Protein chains: 2
Amino acid sequence: MSLSLQRPSEVEPPKRQAILDAATELFTAHGYGAVSMDAIARAANVSKATLYAHFRSKDELFATIIREACQSNLAAREFLPQEDGDVRAALTRLAGRMLRFLLEDRSLAIHRVVIAESVRFPELGRAFFESGPLMFSAAFGAWLTEQTEAGRLSVADPAQAADQFAGMLKCGCYTRAALGVSPAPSEAEIDHTVSGAVETFLKAYAATASQD
Amino acid sequence: MSLSLQRPSEVEPPKRQAILDAATELFTAHGYGAVSMDAIARAANVSKATLYAHFRSKDELFATIIREACQSNLAAREFLPQEDGDVRAALTRLAGRMLRFLLEDRSLAIHRVVIAESVRFPELGRAFFESGPLMFSAAFGAWLTEQTEAGRLSVADPAQAADQFAGMLKCGCYTRAALGVSPAPSEAEIDHTVSGAVETFLKAYAATASQD
DNA sequence: GTCTATAGAAGGATAGAC
DNA sequence: GTCTATCCTTCTATAGAC
């Protein structure tokens, strides 16, 4: 369940998969330091020796899991809608899907653990950044360039505009959720954040805006 | 040094202060799990027994430090400038000070450790949220309301607008820095982020904007 | 309050049988 | 590859002398 890599069972030995699943669950839920190799072995129904037969160390197991989670989880989503005609509708759908994705327990957990361990595992911070924020910035920035060329928007710095849009989405309820502050964001709150970000973005980057 | 509480030495025993300083340094640099009570005692030049004479447990020591750091560090700053006349200048100064504060090693370290341990110590996530994002949102939102009443801006939802402004500041180089991705943000990059956020904010919330 | 010394538990990692 | 059993280190926390 959860973050398992969907490989055919011939290629991925079942025990190894069980280890990955159990470790993913535990690491994302409790962080690196709070999870012992004993606990992982217990949760995966294998012995510790089997665990060490597949992964040389706790560090390697952790890095493997987080790296895979970054790639498979973030890259697989399609965040760019096709409705090129209606910019507002396109932005709203994009923002709604993205904020709801970011607020999923799994996304929050990965974000937390990567932030926490980015000092000890710098390559994980980089992997997360490239497969997450950077990939979004590039893809959404390219879309903004297209819209600008088509005369539907007026964006001079697409990468910055993309970052700003993402930032406005993550500002309110996401920050609260990332810090574990209750209550969890309601659907109404999410929609409010989305529409607010879209309206602000459109006012600032509308093609029909008055030229200064 | 660093986050020491500036109390008179009569009230705060010197050994206790040494413990707090050493523990603050270590916890913020390496996180909760990676720091042992031995290491803290060594760094503070006290024995472990002395350490436990002042703090009942590692949890209590950690919680005390992070709680104090949130309050003293964030609340002490004045983020609202006085130049009410020139909104652009006021926003630029506010944004510059805030982003540079967030990018300080100390701020990043506290943010990291609070995010990481907010699951195990929910009260710390709340303390950080209230003394950081929430306090900013309230203070800056109030200022936006004043500016709107004075006819210099047109902000219908001050809390949301404040969050959006903060979000646009944290979008680009801050996200990278929080994940430990090199290179560290340059001054030019910071200024670019600041001016971009200010311009986008002003276009969206200018009092002279065309009414829809 | 402060120290030295240590108890008692849990952690990461491995040896050797199968 | 997989298991049981174990080694050695490190950890939190405390006992007892001063």
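This is a predicted model, so every value here is computed, not measured. Numbers restart at 1 for each chain; the letters A, B, ... are given by sequence-line order, proteins then strands.
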Would you kindly give the [atom1]-to-[atom2] distance between [X] and [N], to the nearest whole Å?
{"X": "L51(B)", "N": "dC11(D)", "atom1": "CG", "atom2": "P", "value": "13 Å"}
{"X": "R56(A)", "N": "dT14(C)", "atom1": "CZ", "atom2": "P", "value": "11 Å"}
{"X": "R42(A)", "N": "dG11(C)", "atom1": "CZ", "atom2": "C1'", "value": "12 Å"}
{"X": "D38(B)", "N": "dT4(C)", "atom1": "CG", "atom2": "P", "value": "12 Å"}
{"X": "F62(A)", "N": "dA13(C)", "atom1": "CZ", "atom2": "P", "value": "14 Å"}
{"X": "E60(A)", "N": "dG12(C)", "atom1": "CD", "atom2": "C1'", "value": "14 Å"}
{"X": "K58(A)", "N": "dT9(D)", "atom1": "NZ", "atom2": "P", "value": "19 Å"}
{"X": "F55(B)", "N": "dT14(D)", "atom1": "CZ", "atom2": "C1'", "value": "18 Å"}

Task: Under 4.0 Å protein heavy-atom contact, by nucleotide of nucleotides 1-6 of chain D - B base, S sugar-phosphate only - done: SBBB--

Smallest separation among heavy atoms of [X] and [Y], with atom names:
{"X": "V119(A)", "Y": "A29(B)", "result": "CG1-O, 4.2 Å"}
{"X": "L103(B)", "Y": "A177(B)", "result": "CD2-CB, 3.6 Å"}
{"X": "P158(A)", "Y": "T145(A)", "result": "CG-OG1, 3.4 Å"}
{"X": "L144(B)", "Y": "A162(B)", "result": "CD1-N, 3.9 Å"}
{"X": "H54(B)", "Y": "K15(B)", "result": "NE2-CB, 4.4 Å"}
{"X": "R112(B)", "Y": "G180(B)", "result": "NH2-N, 4.1 Å"}

Task: Under 4.0 angstrom between Y52(B) side-chain N/O and dA13(D) OP1 or OP2 - done: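 Yes.
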
Open item on the list: If we ignore hydrogens and angles and just use 3.5 Å, is the side chain of K58(A) paired with the main-chain N or O of V35(A) as donor and acceptor?
Closed with: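 Pair found, side chain donor or acceptor close to backbone of V35(A).
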
Open item on the list: Between E123(A) and S118(A) (side chain of the first, backbone of the second, donor and acceptor by atom type, cut-off under 3.5 Å), is there such a pair?
Closed with: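 It does not hold such a pair.
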
Task: Rounded (10°) bend between the five-pair end axes of the helix from dG1(C)-dC18(D) to dC18(C)-dG1(D) - done: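 Rounded value for the end-axis angle: 10°.
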
TODO: If the plane angle is over 60° it's perpendicular, under 30° parallel, otherwise tilted; pick one for F62(B) and Y32(B).
DONE: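 Judged by the thresholds at 30° and 60°, the geometry between F62(B) and Y32(B) is perpendicular.
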
